[in-house]
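Data block below; observations after.
As the structure lists them, so they are numbered: ligands from 1, and atoms in each ligand from 1. Only heavy atoms go into these numbers, but all of them, side chains included; no hydrogens, no water, no symmetry mates.
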Amino acid sequence: MKNNNLFAALRAAFPDNLDEIAVETDNGLFYSWRDLERATAMLANLLKSLQLPAGSRVAVQVDKSVEAMLLYLATLRAGYVFLPLNTAYQSGEMAYFIANAEPAVVVCSRKNFGWVSKIAFGAGIWNVFTLDDDRTGSLLDRAAQCSDQHEIVHRQSDDLAAILYTSGTTGRSKGAMLSHGNMLSNAQVLKDYWGWRAGDVLIHALPIFHVHGLFVALHGALINGSKMIWLGKFDPQLVLQKLPEATVFMGVPTLYVRLLAEPGLNREACSNMRLFVAGSAPLLLETFNAWQERTGHTILERYGMSETAMLTSNPYEGERRGGTVGFALPGVSVRIHGDAGRALSAGEIGGIEVKGPNVFQGYWRMPEKTKEEFSADGFFKTGDVGKIDDRGYISIVGRSKDLIISGGYNVYPAEIEACVNDMQGVAESALVGVPHPDFGEVGVAVVVARPGSVVNPDQILAVLKSQLANFKIPKKCFVVEELPRNTMGKVQKNLLREQYGALFV
Ligand code: MCA
Ligand code: AMP
């Protein structure tokens with residue numbers, strides 16, 4: 001029987017010569033393909049030795065490192081389910097994910113072991129390991145004692161490979177369940193669609209706890225047997241320095257904006273490059289055009305979601321149109337739907353819906369929520385609003401979900417509003433996204449005090465900082481007499497967006 005484990009497909013793409021360099025890091029380390037093979041085997045054997053129940057989740061909140069990436073691959077290899085968590089998450093957020101996902105293994109950085117292990121032990125999870133970005137930690141100590149021979153565990157296409165938490169409009173995060181088949185189909189399609197070829201080298205500069213860095217970039221390089229230049233953190237000068245050795249770069253729009261601020265970014269610096277890919281947030285036409293002018297390269301913008309991996313892309317060959325996210329990928333159906341469930345024709349604006357082998361298996365332990373998000377004929381409702389032009393190019397023109405995308409990270413206003421509303425003296429609040437030159441969009445909180453109470457905007461921000469991941473903290477907070485409401489009593493966020501729209505631009 002064929003093994004449909006995603007890792008088996010990635011492993012099969014390793015070059016014949018396992019002594020070639022697979023990963024080069026920004027601190028001078030080199031990992032061969034043999035190193036990847038051996039290390040994933042040892043880590044997979046460690047997981048196996050824990051005798052975890054089938055389908056166990058491995059929750060990981062660690063700084064970016066090659067070993068963290070190897071732990072992801074080892075989890076696939078051992079047949080378990082990877083649960084990556086943003087390093088910015090604080091204890092309240094982590095407690096929710098751990099209680100909701102009930103992982104069998106938790107891996108954290110040493111500096112967080114005290115509070116993370118407390119949450120884990122409290123939930124009855126005893127397998128808590130540490131892993132730091134300097135190749136130390138109890139995980140590696142234990143794996144070092146394991147054999148470097150391991151047979152890849154058999155998985156079916158629809159077996160779970162990863163759970164990615166994505167916030168909800170209600171403020172409660174939902175775990176999007178992705179299968180081996182979801183991710184393999186997407187990786188294979190993108191390999192062809194983006195023309196991956198022998199000799200390609202990827203600069204990997206994104207975090208590895210979301211779809212962009214963990215799946216699109218990593219799977220892209222691995223399934224082509226391509227070398228990666230691995231940066232622990234995005235640094236525009238370091239990227240510039242590495243461009244002459246690379247051919248492919250992927251980033252959220254903020255990365256492109258920051259690179260454009262570097263005087264050294266020019267045609268010569270990019271002369272070895274083949275492809276620049278952008279996504280996760282809208283790429284402004286201004287950035288698209290400036291990039292073309294400065295480098296001679298046309299950024300290829302694509303569109304994805306945690307629930308669907310990549311669903312559309314501008315073409316590799318053919319015109320890449322700024323302001324659009326291109327065409328539905330091969331094998332993926334995308335349609336625009338009107339309010340009455342009517343399929344819309346070219347140019348009409350409506351909800352973007354998608355169906356295909358890339359679409360997830362549902363929200364973890366939320367069957368009702370999952371059902372709500374699918375149409376009767378099996379299309380997933382993305383919550384994005386868009387149109388398809390007469391040439392088939394898809395544009396995203398808005399969102400029906402109340403969501404702010406800041407520097408490529410999603411911020412759900414409902415979650416922040418709930419925290420603010422819980423604070424003493426607060427009657428109500430609204431969080432709106434406003435344009436920002438670096439992050440694209442940032443949150444601004446507008447707060448109303450209870451009668452007779454005085455609330456301090458700086459204090460509200462300070463309390464939020466102690467509770468939530470840093471990228472969710474509003475960049476400004478205003479205390480007002482009342483929030484604008486329509487005749488139905490609903491807060492008119494559009495008016496607030498207008499009012500505060502020029503704060504940063
Ligand atoms: C950092 N800060 C931010 C953000 N990042 N504020 C708003 N939005 C952000 N994204 C703030 C911190 O709170 C902190 O504020 C200050 O900036 C410095 O923090 P630091 O971590 O040093 O920032 P940085 O290293 O400059 O990070 C900026 C970044 C990072 C490199 C743009 O945000 C990033 O890597 N973004 C990419 C996210 C990504 O990979 N998204 C893909 C999701 P203070 O000092 O006040 O505390 S996958 C996805 O969306 C789908 C599926 C898809 O299609 O790909
Ligand atoms: P996430 O929940 O992190 O998976 O984020 C998915 C959301 O990011 C999508 O629903 C879109 O709103 C947004 N997104 C991803 N790629 C693009 C893009 N190229 N342009 C505009 N929005 C995007």
Side-chain angles (χ1 to χ4, degrees), residues 63-64 84 86-88 90 164-169 173-176 178 186 190 204-218 231-236 239 250-259 277-285 287-288 299-314 322-326 351-354 358 360 373 380-386 394-412 433 436 438-443 461-462 464-466 468-476 504:
D63 288 324
K64 183 177 177 184
N86 194 318
T87 44
Q90 306 232 26
L164 262 66
Y165 274 84
T166 154
S167 298
T169 38
S173 278
K174 304 163 292 194
L178 290 155
N186 216 234
L190 293 177
H204 195 301
L206 287 161
I208 52 168
F209 36 68
H210 290 302
V211 165
H212 202 158
L214 187 64
F215 302 153
V216 189
L218 178 65
L231 310 186
K233 204 172 173 333
F234 170 70
D235 170 352
V239 171
M250 297 187 192
V252 301
T254 300
L255 272 51
Y256 287 96
V257 170
R258 292 188 182 183
L259 281 164
V277 178
S280 308
L283 180 73
L284 294 183
L285 209 48
T287 313
F288 177 85
I299 296 175
L300 182 155
E301 187 175 2
R302 83 331 174 255
Y303 158 47
M305 288 186 77
S306 301
E307 290 92 334
T308 65
M310 298 304 100
L311 54 148
T312 79
S313 170
N314 268 280
T324 83
V325 292
I352 302 177
E353 298 186 351
V354 55
N358 54 316
F360 73 140
E373 302 298 328
F380 173 67
K381 304 171 194 165
T382 62
D384 293 308
V385 174
I394 298 164
S395 317
I396 301 172
V397 301
R399 300 171 200 132
S400 59
K401 49 195 174 189
D402 190 11
L403 160 70
I404 298 168
I405 304 184
S406 187
Y409 287 140
N410 289 4
V411 179
Y412 278 84
H436 188 275
D438 184 30
F439 294 122
E441 203 178 10
V442 294
L461 293 179
L464 285 178
K465 250 186 180 172
S466 69
L468 298 171
N470 60 7
F471 63 89
K472 296 180 188 170
I473 310 304
K475 298 292 181 215
K476 288 253 186 232
F504 303 99

Next item on the list: Could you tell me the separation between the CG atom of Leu259 and the CG atom of Asp235, rounded to the nearest 0.5 Å?
Entry: 9.5 Å
Notebook entry, point to check: Quick check, are the ring centers of Phe439 and Phe471 under 6.0 angstrom apart?
Noted result: no
Margin query: Looking at every non-hydrogen atom in both residues, tell me the closest pair between Ala205 and Leu231 and how far apart they are.
Written below: CB-CD1, 4.0 Å
Checklist line | Close side-chain approach of Asp63 and Lys233, heavy atoms under 4.5 Å | finding: no
Item checked: Flag: protein heavy atom within less than 4.0 Å of atom 15 (O) of ligand 1 -> no
Notebook entry, point to check: What part of Ile405 sits under 4.0 Å from ligand 2 if we count only heavy atoms: the side chain, the backbone, both or neither?
Noted result: side chain
Next item on the list: Starting from atom 33 (O) of ligand 1, find the nearest protein heavy-atom neighbour and note its residue, name and distance.
Entry: Tyr409 CE1, 3.4 Å
Note to self: Show the atoms of ligand 1 that are less than 4.0 angstrom away from any heavy atom in Asn470.
What the structure shows: 12 (C), 13 (O)
Notebook entry, point to check: Considering only protein heavy atoms, which is closest to atom 9 (C) of ligand 2, and at what distance to one decimal place?
Noted result: Asp384 OD2, 3.3 Å
Margin query: Looking only at protein heavy atoms, which one is nearest to atom 8 (N) of ligand 1, and what is the separation?
Written below: Ser406 OG, 2.8 Å
Next item on the list: Examine the proximity of ligand 2 to Lys401 and report which part, side chain or backbone, both or neither, has a heavy atom under 4.0 Å away.
Entry: side chain
Note to self: Using a 4.0 Å heavy-atom cut-off, which part of Glu301 comes near ligand 2: side chain, backbone, both, or neither?
What the structure shows: side chain
Note to self: What I want to know is whether Leu206 and ligand 1 share at least one N or O pair that is separated by under 3.5 angstrom.
What the structure shows: no
Checklist line | Nearest-contact summary for atom 37 (C) of ligand 1 - protein heavy atom, Å | finding: Gly407 O, 3.4 Å
Notebook entry, point to check: More than 12 non-hydrogen atoms from neighbouring residues, nucleotides or ligands closer than 6.0 Å to NZ on Lys476, yes or no?
Noted result: no
Check: Does ligand 1 have an atom that lies less than 4.0 angstrom from a heavy atom of Val442?
Finding: no
Next item on the list: Can you pull out the closest protein heavy atom to atom 15 (C) of ligand 2? Residue, atom name and distance to 0.1 Å, please.
Entry: Gly304 O, 3.2 Å
Notebook entry, point to check: Is there a side chain to side chain contact (heavy atoms under 4.5 Å, CB included) between Ile404 and Val442 once you walk through the steps?
Noted result: CA-CA 7 Å; Ile404 298 168; Val442 294; over 6 Å; no
Note to self: What's the separation between atom CG in Leu283 and atom CD1 in Ile299, rounded to the nearest 0.5 Å?
What the structure shows: 5.0 Å
Notebook entry, point to check: With a 4.0 Å heavy-atom cut-off (strictly under), which part of Lys233 contacts ligand 1: side chain, backbone, both or neither?
Noted result: side chain
Check: Could any protein non-hydrogen atom be found less than 4.0 Å from atom 52 (C) of ligand 1?
Finding: yes
Next item on the list: Might you point out which heavy atoms bring Lys401 and Thr382 nearest each other, and give the distance in Å?
Entry: NZ-O, 2.9 Å
Check: At what distance is the nearest protein heavy atom to atom 22 (N) of ligand 2, and which residue and atom is it?
Finding: Ile396 CD1, 3.7 Å
Notebook entry, point to check: For ligand 1, is there an atom lying under 4.0 Å from some heavy atom of Pro207?
Noted result: yes
Next item on the list: For residues Leu285 and Gly322, report the shortest heavy-atom separation together with the two atoms involved.
Entry: CD1-C, 3.4 Å
Next item on the list: Would you mind running through ligand 1 and noting each atom that sits below 4.0 Å from a heavy atom of His210?
Entry: 43 (C), 48 (S)
Item checked: Which residue and heavy atom of the protein sit nearest atom 2 (O) of ligand 2, plus the separation -> Asn410 ND2, 2.7 Å
Note to self: Just to confirm my output: which protein heavy-atom neighbour is closest to atom 5 (N) of ligand 1, and how far is it?
What the structure shows: Phe439 CE2, 3.8 Å
Check: Which ligand 2 atoms, with their elements, are less than 4.0 angstrom from a heavy-atom of Met305?
Finding: 4 (O), 6 (C), 9 (C), 10 (O)
Checklist line | Ligand-residue contact atoms, ligand 1 with Val252, heavy atoms, under 4.0 Å | finding: 37 (C), 39 (C), 41 (N)
Check: Of the choices Ser306, Ala278, Gly326, Gly398, which has the non-hydrogen atom that lies closest to atom 4 (O) of ligand 2?
Finding: Ser306
Next item on the list: Could you grab the distance from atom NE2 of His210 to atom OG1 of Thr166, nearest 0.5 Å is fine?
Entry: 9.5 Å
Note to self: Any nitrogen or oxygen of Ser306, side chain or backbone, less than 3.5 Å from one on ligand 1?
What the structure shows: no
Margin query: Given Lys465, Arg302, Met250, Lys475, identify the one with the heavy atom nearest to atom 47 (O) of ligand 1.
Written below: Lys465
Check: Can a protein heavy atom be found under 4.0 Å away from atom 55 (O) of ligand 1?
Finding: yes
Checklist line | Backbone of Val277 reached by a side-chain donor or acceptor of Tyr256 within 3.5 Å | finding: yes
Notebook entry, point to check: Got a second to check how far Asn358's CG is from Phe215's CZ, nearest 0.5 Å?
Noted result: 13.0 Å
Checklist line | Ile473 CD1 to Leu468 CG distance, which is reported to the nearest 0.5 Å | finding: 5.0 Å
Notebook entry, point to check: Between Gly279 and Pro253, which heavy-atom pair has the shortest distance, and what is it?
Noted result: O-CD, 3.5 Å
Item checked: Charged N-O contact under 4.0 Å between Glu441 and Arg399 -> yes
Check: Any nitrogen or oxygen of Asn410, main chain or side chain, under 3.5 Å from a nitrogen or oxygen of ligand 1?
Finding: no
Note to self: Once side chain to side chain donor-acceptor pair (under 3.5 Å) is applied, do any residues pair with Ser280, and if so which ones, sequence neighbours excluded?
What the structure shows: His212
Check: Looking at CD of Glu373 and CD of Glu307, how far apart are the two atoms once the value is rounded to the nearest 0.5 Å?
Finding: 8.0 Å
Next item on the list: Check the pair Val211, Met305 against side chain to side chain contact (heavy atoms under 4.5 Å, CB included), reporting the backbone distance first and the verdict last.
Entry: CA-CA 7 Å; Val211 165; Met305 288 186 77; over 6 Å; no
Item checked: Lys472 to ligand 1, any heavy atom closer than 4.0 Å -> no
Note to self: For atom 42 (C) of ligand 1, what's the nearest protein heavy-atom neighbour? Residue, atom name and distance, please.
What the structure shows: Ser280 OG, 3.4 Å
Note to self: Quick check on contacts: which atoms of ligand 1 are under 4.0 angstrom from a heavy atom of Thr254?
What the structure shows: 32 (C)
Notebook entry, point to check: Going by the angle between their ring planes, with limits at 30° and 60°, are His436 and Phe504 parallel, tilted or perpendicular?
Noted result: tilted
Check: Should you measure from each heavy atom of Thr166, which atoms of ligand 2 turn up under 4.0 Å away?
Finding: 2 (O)
Next item on the list: Considering heavy atoms of the protein only, find what lies nearest to atom 41 (N) of ligand 1 and give residue, atom and distance to 0.1 Å.
Entry: Gly408 O, 3.0 Å
Item checked: Option whose closest heavy atom lies nearest to atom 28 (C) of ligand 1, chosen from His212, Glu307, Arg258 -> Arg258
Check: Which of the atoms of ligand 1 are close to Met305, meaning less than 4.0 Å from one of its heavy atoms?
Finding: 52 (C)
Margin query: Quick check: Tyr303 and ligand 1, any N/O pair under 3.5 Å apart?
Written below: no
Notebook entry, point to check: How far apart are the closest heavy atoms of Pro474 and Leu461, and which atoms are they?
Noted result: O-CD2, 3.6 Å
Check: Where is the nearest protein heavy atom to atom 16 (N) of ligand 2: which residue, which atom, and how far?
Finding: Ser280 N, 3.1 Å
Notebook entry, point to check: Which protein non-hydrogen atom lies closest to atom 19 (N) of ligand 2, naming both residue and atom, and how far is it?
Noted result: Arg302 O, 2.7 Å
